[in-house]
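Taking it in order: structure first as structure tokens, then the write-up.
What you see below is based on every heavy atom in this structure, not just the backbone, and it leaves out hydrogens, waters and symmetry mates.
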Amino acid sequence: MPLLEIVTLPDPVLRRKAHKLATFDQDLKVLIANMIDTMREAPGVGLAAPQVGISSRLIVVEYGDEENGEEKKLYVVINPELTFPTEENALGVEGCLSVPGLVGEVERSSDVVVRGLNRHGKPVKIKASGWLARIFQHEVDHLDGIVFTDKANRIWQPKSEEQIEDV
Ligand code: CO
């Protein structure tokens with residue numbers, strides 16, 4: 001599968017509100033497969049379609065808390081919608097494949113419920129907390145033209161020993 005080019009700021013596609021998807025055809029299947037490969041190769045733990053120049057509401061996420069013995073899991077969500085089951089927020093340091101060379105501390109909801117469609121067009125519901133919840137919020141922001149630097153309390157250039165997972 002060919003890798004896709006990851007677009008970076010100030011590319012205007014990153015600032016557009018992406019369109020909902022209504023057709024589950026072969027082109028979409030190919031796009032999803034290529035986005036997964038591109039995310040893995042980057043490497044990153046999430047990728048939204050606008051990050052490969054396509055203004056569609058589609059995200060891929062692959063994450064597992066491996067330090068706690070959790071296996072990596074792949075999520076493909078089309079037209080994702082988020083709801084927040086708790087009032088709890090948490091601070092975390094984020095990077096982004098579309099904002100190279102910067103990281104920032106962002107406050108986000110600790111828990112999130114993601115509803116949308118899978119690659120076959122069937123409804124999915126994912127309950128996430130901690131880092132996974134953060135990744136989903138970061139990716140859905142991309143669909144609304146928002147990048148983490150818009151929301152960060154502090155932004156800095158990471159030192160080489162700071163390992164931040166890009167999303
Ligand atoms: Co990002």
Side-chain angles (χ1 to χ4, degrees), residues 1-9 13-14 18 20-21 24 26-85 90-104 106 108-144 146-149 151 158 162-167:
M1 291 284 179
L3 297 176
L4 305 170
E5 190 189 335
I6 295 176
V7 301
T8 55
L9 283 182
V13 72
L14 293 169
K20 277 199 167 187
L21 281 161
F24 296 83
Q26 188 60 25
D27 287 352
L28 180 62
K29 281 191 188 131
V30 170
L31 172 62
I32 290 168
N34 290 344
M35 279 178 62
I36 292 166
D37 287 352
T38 303
M39 168 180 68
R40 287 176 175 163
E41 180 69 21
V45 292
L47 194 65
Q51 292 184 273
V52 293
I54 294 168
S55 198
S56 295
R57 302 189 80 80
L58 160 65
I59 62 171
V60 297
V61 169
E62 188 167 53
Y63 179 74
D65 187 357
E66 289 175 284
E67 278 180 22
N68 288 320
E70 209 180 286
E71 283 196 27
K72 267 192 195 176
K73 204 172 162 196
L74 176 67
Y75 305 89
V76 175
V77 191
I78 293 156
N79 303 336
E81 304 273 355
L82 301 181
T83 54
F84 302 100
L91 287 172
V93 178
E94 299 180 15
C96 178
L97 297 168
S98 296
V99 190
L102 293 176
V103 296
V106 186
R108 296 200 187 265
S109 297
S110 304
D111 304 280
V112 69
V113 178
V114 187
R115 287 184 180 82
L117 303 173
N118 69 12
R119 60 181 102 188
H120 310 293
K122 297 277 179 296
V124 286
K125 180 180 168 187
I126 302 152
K127 290 180 188 170
S129 56
W131 255 104
L132 184 59
R134 176 172 300 277
I135 297 165
F136 278 117
Q137 290 168 82
H138 179 117
E139 297 313 331
V140 172
D141 274 351
H142 276 303
L143 306 182
D144 292 323
I146 297 165
V147 293
F148 80 93
T149 47
K151 293 187 165 178
E162 268 181 293
Q163 290 287 330
I164 309 296
E165 281 167 322
D166 283 322
V167 282

What's the spacing between [X] [atom1] and [Y] [atom2] if we round to 0.5 Å?
X      : Y      : atom1 : atom2 : result
Leu132 : Glu70  : CG    : CD    : 8.0 Å
Thr38  : Glu41  : OG1   : CD    : 8.5 Å
Phe24  : His120 : CZ    : NE2   : 11.0 Å
Leu14  : Gln51  : CG    : CD    : 7.0 Å

SB check [X] [Y] (cutoff 4.0 Å):
X      : Y      : result
Glu62  : Arg40  : yes
Lys151 : Glu94  : no
Arg57  : Asp144 : yes

Fill in: Nearest atoms (heavy-atom pairs only) where Ala48 meets Met35
C-CE, 3.7 Å
Worksheet entry | Nearest atoms (heavy-atom pairs only) where Phe148 meets Arg108 | CB-NH2, 4.2 Å
Practice prompt. Flag the pair Tyr75 / Phe136 as yes when their ring centroid distance falls below 6.0 Å, and as no otherwise.
Written response: yes
Worksheet item: Quick one: which of Leu58, Val52, Leu4, Ile59 gives a side chain to side chain contact (heavy atoms under 4.5 Å, CB included) with Leu47?
Response: Val52
Worksheet entry | Partner set under salt bridge (Lys or Arg N to Asp or Glu O under 4.0 Å) for Glu139, not counting sequence neighbours | none
